[in-house]
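Reading through the structure tokens given below for one structure.
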Amino acid sequence: MSFAKPTTLSREQVAEFEREVNTIRDSVMNNLGQADVDHMRNMIRISRASEIGGRALLHFGVGPLSWVAGVLALASAKILDNMEIGHNVMHGQYDWTGDPALNSQTFEWDIACDGEQWRHSHNVTHHTYTNILGKDRDLGYSLLRMTDEQKWKPRHWFQPLANLMLAMGFQYGVGSHDLEIGRYKHGAMPKAEFKARLDRFLTKVGKVWFKDYLLFPALALWSAPRVLAGNFCANLIRNLWTYLIIFCGHFTEGVAIYREEDTRNETKGDWYIRQLSGSSNLTGGRLFHVMSGHLSHQIEHHLFPDMPAHRYPEVAPQIQALCRKYGLFYNTGSLYKQYWTVMKRILTYTMPPKRVPV
Amino acid sequence: MQPSPTTATRTTAHVLARAVNTPLVKALGHPWVESIVRLDAVEDALSALHPLLSLTQVRARVLRIVDETATTKTFVLQPNALWASAQAGQFVRVQLEINGRRVERAYSLSSRPGARRIAFTVKRQDQGLVSNHLHTAVSVGDVLTISQATGEFVLPDALPANILLLSAGSGITPVMSMLRDLKARNYGGDVVFLHVCRAPDDLIFAAQLQALAADFTGLRLVVHYDASAGFFSPQVLAQHVPDLNTRSTWMCGPAGFMDAISAYWDTQGFDKQLFSERFVGAPLLPSTAPGTPVQVSFANSGTTFTTSGTDPLLVQAERAGLTPKHGCRIGICRSCQCVKTSGTVENLQTGEVSSAPNELIRLCISTARSDVALAL
Ligand code: FES
């Protein structure tokens with residue numbers, strides 16, 4: 001993966017592109033209404049019902065089948081809560097409703113990542129500086145080397161293993177992301193600041209552990225091991241799934257990476273193009289889109305982060321048509337195909353760069 | 001001097017409900033409890049069980065809808081046990097969700113304080129989103145969410161000997177409640193109830209007013225129809241009520257009407273007090289031309305600064321030495337989002353100008369187009 005080539009579009013074309021994208025945005029944003037809120041409330045209800053059902057099966061069910069069903073139900077609840085509900089609500093997609101339960105700035109989710117810290121690392125850093133090397137800290141999550149431009153270090157030999165660990169404990173990866181440990185280690189962050197961030201993160205981890213690994217198992221009395229194992233597996237499934245979707249959104253083949261100096265003075269049109277070429281989509285059915293929090297429409301999400309996500313499928317064909325018109329690459333494919341390219345990248349950059357003879 | 005409000009009578013059900021739900025809500029609000037079960041989830045479950053059930057909200061079922069005139073309807077409601085009763089003259093905020101958006105409007109109660117059922121009256125406004133919704137989409141059996149009664153426009157505990165209750169149009173509602181209260185308190189003094197409306201067809205509460213007048217000895221009822229009797233001016237008022245200066249007065253009506261009366265009170269130098277309630281037909285907040293100097297107040301921190309120019313509020317606040325929370329500064333991350341309690345702002349990205357109270361705005365892409373108050 002290399003730095004984005006300067007776009008071949010003229011300034012006028014970029015401006016025209018910007019106008020056309022804005023028109024698509026307005027067509028949806030001007031007709032938000034009851035159907036959108038109903039969709040979100042429905043998702044919340046399904047997630048809650050699924051959590052109650054899952055926990056009930058784990059607590060009171062007998063035999064391995066009910067255990068598996070319980071794990072799957074609880075995992076789905078957590079996936080919905082994190083992706084279709086939490087991620088989207090915290091982006092402010094439903095702030096226009098005025099419903100305090102859907103307020104982006106106060107929403108909190110069932111994951112080891114503190115909502116406030118996520119709002120910072122995700123909404124501020126990642127969505128503003130998408131794919132700018134050195135600024136977008138989601139690039140490899142400061143753990144993986146994903147491009148030639150990142151310096152190779154011996155620890156990158158363990159990259160495939162690190163990738164696996166990150167996938168399994170993804171909620172802790174995302175949760176500790178805003179700590180910016182690297183910056184702290186290099187002395188770029190005062191100790192007090194780091195300590196405050198760490199406390200916040202640990203408190204949140206404490207809360208989710210207390211719930212899943214102490215309180216609910218204890219309530220189950222003699223079924224405690226069954227509940228504990230169930231909760232652990234549900235969290236694990238959720239971690240793997242969110243990792244999978246999120247890695248396919250920005251680390252596939254063909255996703256462009258930017259240098260900071262190239263993004264100075266960018267217009268909204270340039271910004272749109274950067275968001276577009278820095279993201280990749282996944283194809284699938286409605287259930288798949290919902291379970292991915294519509295991050296399967298990562299491109300549309302990065303263009304319109306505050307548009308209710310369930311409207312992305314509606315605008316996607318229009319964006320794709322626009323890309324064809326302007327000769328821009330619309331990166332999309334099946335989950336298998338896209339993840340395969342992610343894996344290829346992770347493995348490729350495990351190796352130190354070959355010295356090119358001058 | 002504010003009239004000292006009468007202590008609201010509280011029902012046993014209310015006292016009981018408070019005793020149960022105050023500690024419960026407090027416990028559910030604890031961060032560790034909240035991470036296990038969210039208050040929202042409990043609330044949703046309760047309202048699924050029964051629409052009036054709630055730990056935090058006053059909800060009220062519509063029992064009756066009365067057509068008062070061609071353009072006004074009275075909604076008679078049965079509130080749940082969280083309702084703490086009202087004083088005469090107070091209002092409630094009615095909260096509705098219209099096409100997915102939450103909106104709130106204040107309506108004065110017309111019911112007698114302490115009554116088990118409460119009522120408010122709504123005049124249909126031509127462009128009124130909420131009044132039209134209430135008139136067309138709300139029917140008997142529906143449940144509305146309302147606030148507790150609030151407002152300083154109330155009768156005092158110790159009543160003066162002479163009272164004037166003065167209203168125009170749909171401003172009759174709070175003073176109607178006061179009249180009912182006077183009757184219930186066996187008020188022995190002298191009260192004039194003067195109402196102004198266009199024609200007999202527009203008289204709200206016509207039948208109840210007649211019934212009250214019939215067995216309320218101290219009451220003199222005057223209705224001025226300006227279609228037939230001519231424009232109502234303070235001078236006309238003085239003709240109807242020659243002893244104006246002896247009467248403590250409570251009035252409610254359109255802004256122009258109240259302004260004229262207040263001015264008259266001032267020029268005459270009346271020493272009896274004039275209390276008024278202001279939100280009937282509240283005019284839309286004017287927006288100043290871009291760049292005009294305006295006052296921005298941060299209500300929670302108590303700071304205010306004056307600013308001009310068309311820079312975003314975030315930049316202006318920083319220039320004034322404040323440090324509001326922010327992130328991207330380009331409208332994406334919403335870190336700078338806050339509640340604008342009042343005032344008009346322009347969204348610099350869409351050009352949309354809005355003056356709705358209590359709306360969420362992003363400081364980094366909003367500029368003030370009038371004095372603005374922020375909950376920061
Ligand atoms: S600072 Fe990010 S939206 Fe205002």
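First the proteins, then the strands, lettered A, B, ... as listed; each starts at 1.
- For the set Cys338(B), Pro31(B), Ala41(B), the entry with the most heavy-atom pairs within less than 4.5 Å of chain A is Ala41(B).
- Of the two parts of Phe216(A), only the side chain, counted from C-beta on, holds a non-hydrogen atom closer than 4.5 Å to a non-hydrogen atom of chain B.
- Neither the backbone nor the side chain of Asp36(A) comes within contact range of chain B; no heavy atoms are under 4.5 Å apart.
- A 4.5 Å side-chain heavy-atom check between Asp95(A) and Arg334(B) finds at least one atom pair inside the cut-off.
- If you tally non-hydrogen atom pairs under 4.5 Å between each of Ala35(A), Gly33(A), Gly206(A), Pro100(A) and chain B, the highest count goes to Gly33(A).
- When the candidates Arg119(A), His127(A), Lys268(A), His91(A) are compared by the number of heavy-atom contacts under 4.5 Å with chain B, His91(A) comes out ahead.
- Of the listed residues (Met29(A), Glu51(A), Gln105(A)), the greatest number of heavy-atom pairs within a distance under 4.5 Å of chain B belongs to Gln105(A).
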**OP:** Begin from the C-alpha positions of Trp96(A) and Glu359(B) and carry the test side-chain contact (heavy atoms from CB on, under 4.5 Å) through to its verdict.
**Re:** CA-CA 9 Å; Trp96(A) 56 272; Glu359(B) 102 186 307; over 6 Å; no

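- Heavy atoms of Val124(A) lying under 4.5 Å from chain B belong to its backbone as well as its side chain.
- Of the listed residues Lys207(A), Lys211(A), Lys204(A), the one with more heavy-atom pairs under 4.5 angstrom with chain B than any other is Lys207(A).
- The most heavy-atom pairs under 4.5 Å with chain A, out of Asn99(B), Asp44(B), Thr350(B), come from Asn99(B).
- Shown here are the ring pair (Phe, Tyr, Trp, His ring centres under 6.0 Å) partners of His177(A), two or more places apart in sequence or in another chain: Tyr141(A).
- The two residues Asn123(A) and Cys333(B) come nearest to each other via the heavy atoms O-CB, 3.5 Å.
- There is no contact between Tyr129(A) and chain B, counting heavy-atom distances below 4.5 Å.
- A distance of 9.5 Å separates CD in Gln337(B) from OG1 in Thr106(A), rounded to the nearest 0.5 Å.
- Here the shortest heavy-atom pairing between Phe210(A) and Ile36(B) reads CE2-CD1, 3.7 Å.
- Around the CG atom of Asp199(A), the shell of radius 6.0 Å holds more than 12 heavy atoms that belong to other residues, nucleotides or ligands.
- Chain B forms more heavy-atom pairs under 4.5 Å with one residue of Arg41(A), His120(A), His122(A) than with any other, namely Arg41(A).
- Pairing each heavy atom of Leu32(A) with each of Arg101(B), the nearest pair is O-NH1, 3.5 Å.
- Interface residue Leu215(A): only side-chain heavy atoms are found under 4.5 Å from chain B.
- Around CZ of Arg18(B), the count of heavy atoms belonging to other residues, nucleotides or ligands within 6.0 Å does not exceed 12.
- Here Thr130(A) contributes atom OG1 and Ile332(B) contributes atom CD1; the two are 7.5 Å apart, rounded to the nearest 0.5 Å.
- Heavy-atom distances place the side chain of Asn103(A), and not its backbone, under 4.5 Å from chain B.
- Within 6.0 Å of CH2 in Trp209(A) there are 12 or fewer heavy atoms belonging to other residues, nucleotides or ligands.
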Subject >> side-chain contact (heavy atoms from CB on, under 4.5 Å) evaluation trace for Asp110(A) with Arg38(B) >> reply: CA-CA 10 Å; Asp110(A) 176 20; Arg38(B) 296 173 204 162; 4.2 Å; yes

